[in-house]
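Numbering of ligands and ligand atoms starts at 1, following listing order. These figures come from a predicted structure and were not determined experimentally.
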Amino acid sequence: MTNPFKAALAGKHVVVVGGGSGMGKATAQMAVGMGAQVTIASRNVAKLSAVASEIGGNVTTSPVDMTDEPGIRVWATSLGTVDHLVISASSAAHGAFADLPTTDLRAMFDAKFTGPYVTAREVLPYLAEGASITLFSGVLSRRPSAGATGLGAVNAAVEALAKGLAQELAGRARVNCISPGMVATKAYADMSEADRAGMYAQVGKALPVGRVGKAEEIAQTAVMAMTNGFLTGAILDVDGGHMVRA
Ligand SMILES: NC(=O)c1ccc[n+]([C@@H]2O[C@H](COP(=O)([O-])OP(=O)(O)OC[C@H]3O[C@@H](n4cnc5c(N)ncnc54)[C@H](OP(=O)(O)O)[C@@H]3O)[C@@H](O)[C@H]2O)c1
């Protein structure tokens, strides 16, 4: 039997902004395995090169900083035709409502909302027929948590962006948003190993699946979002049951 994902992705150009780490890297790796030509983008050139060598196959690197609008404009012109744009890059700011510095809040909106907005807009002229755009939010959008109100708000904004674009870009591109639960990635690299393991155990225990997620599990959903021509305007909760937990 033909693999429908492979059949739909083979030979397609997939651009993953955030492809240097975590879920973006796993998505890039899976897309390459399905025969796609993949461009990975993020800020750190050395990291991108190391990841491209690790993945091997049909991967090219193309550095970009999503907070640099003129830079994004130039970068977009260098991509050629794009079949699928995946934007997993982001930054997060945690802090109590009364304490979180406004500069941190603005920087987070800049990287996680305005960055993907501008990136999608600048890549739009280069999208091929049948293209898709996949954005990333997170469970805090609809299940807020104390100390992460700003992060919840930016995630909700990204989801609204995906739904709005699905309507506005109808006929040009399908647009979906993946909302991950806690997934073990470099996003938590700043914590000590012990603290990180403790957090994963605690969060995992509260979920119906009993553990936190793996980047590959999110990549499976990204591949589905790229290849399913009937999917648009969807918020895909891949969260181990976070939304239905007690
Ligand atoms: N991990 C989780 O538990 C979790 C939970 C809910 C939602 N999410 C969301 O899921 C998405 C993927 O998360 P992840 O854990 O895979 O992240 P990650 O491992 O931290 O990777 C983030 C990537 O984004 C790049 N990046 C950061 N800022 C950038 C910028 N301004 N311009 C370009 N690239 C930038 C980073 O590379 P450079 O630093 O080299 O630029 C890195 O490659 C994010 O939107 C995140 O908010 C994650």
- Task: Could you tell me if any non-hydrogen atom of S91 lies under 4.0 Å from any atom of ligand 1?
- Result: no

- Message: If the cut-off is 4.0 Å to any non-hydrogen atom of M66, which atoms of ligand 1 fall inside it?
- Response: 30 (C), 31 (N), 32 (N), 33 (C)

- Message: Between R73 and E69 (salt bridge meaning N to carboxylate O under 4.0 Å), is one present in this structure?
- Response: yes

- Query: Mind checking what makes salt bridge (charged side-chain N to carboxylate O under 4.0 Å, His left out) contact with E54, not counting sequence neighbours?
  - Reply: K25

- Query: With sequence neighbours left out, which residue pairs that include part of residues 81-94 fulfil the side chain to side chain donor-acceptor pair (under 3.5 Å) condition?
  - Reply: H84-S132

- Task: Please could you name the atoms of ligand 1 that V64 approaches to less than 4.0 Å, counting only its heavy atoms?
- Result: 32 (N), 33 (C)

- Message: Does the residue K112 have a heavy-atom contact with ligand 1, meaning some pair of atoms that are separated by less than 4.0 Å?
- Response: yes

- Message: Under 4.0 Å from a heavy atom of G20: which atoms of ligand 1 are those, numbered in the order shown and with their elements?
- Response: 43 (O)

- Task: Using non-hydrogen atoms of the residue, decide whether S137 is closer than 4.0 angstrom to ligand 1.
- Result: yes

- Message: Using a 4.0 Å cutoff against the non-hydrogen atoms of G22, which atoms of ligand 1 qualify?
- Response: 16 (O), 19 (O)

- Item | Ionic contact status for R142 with D237, cut-off 4.0 Å | yes

- Message: Judged on heavy-atom distance to atom 22 (C) of ligand 1, which of G115, A219, G24, A89 sits nearest?
- Response: A89

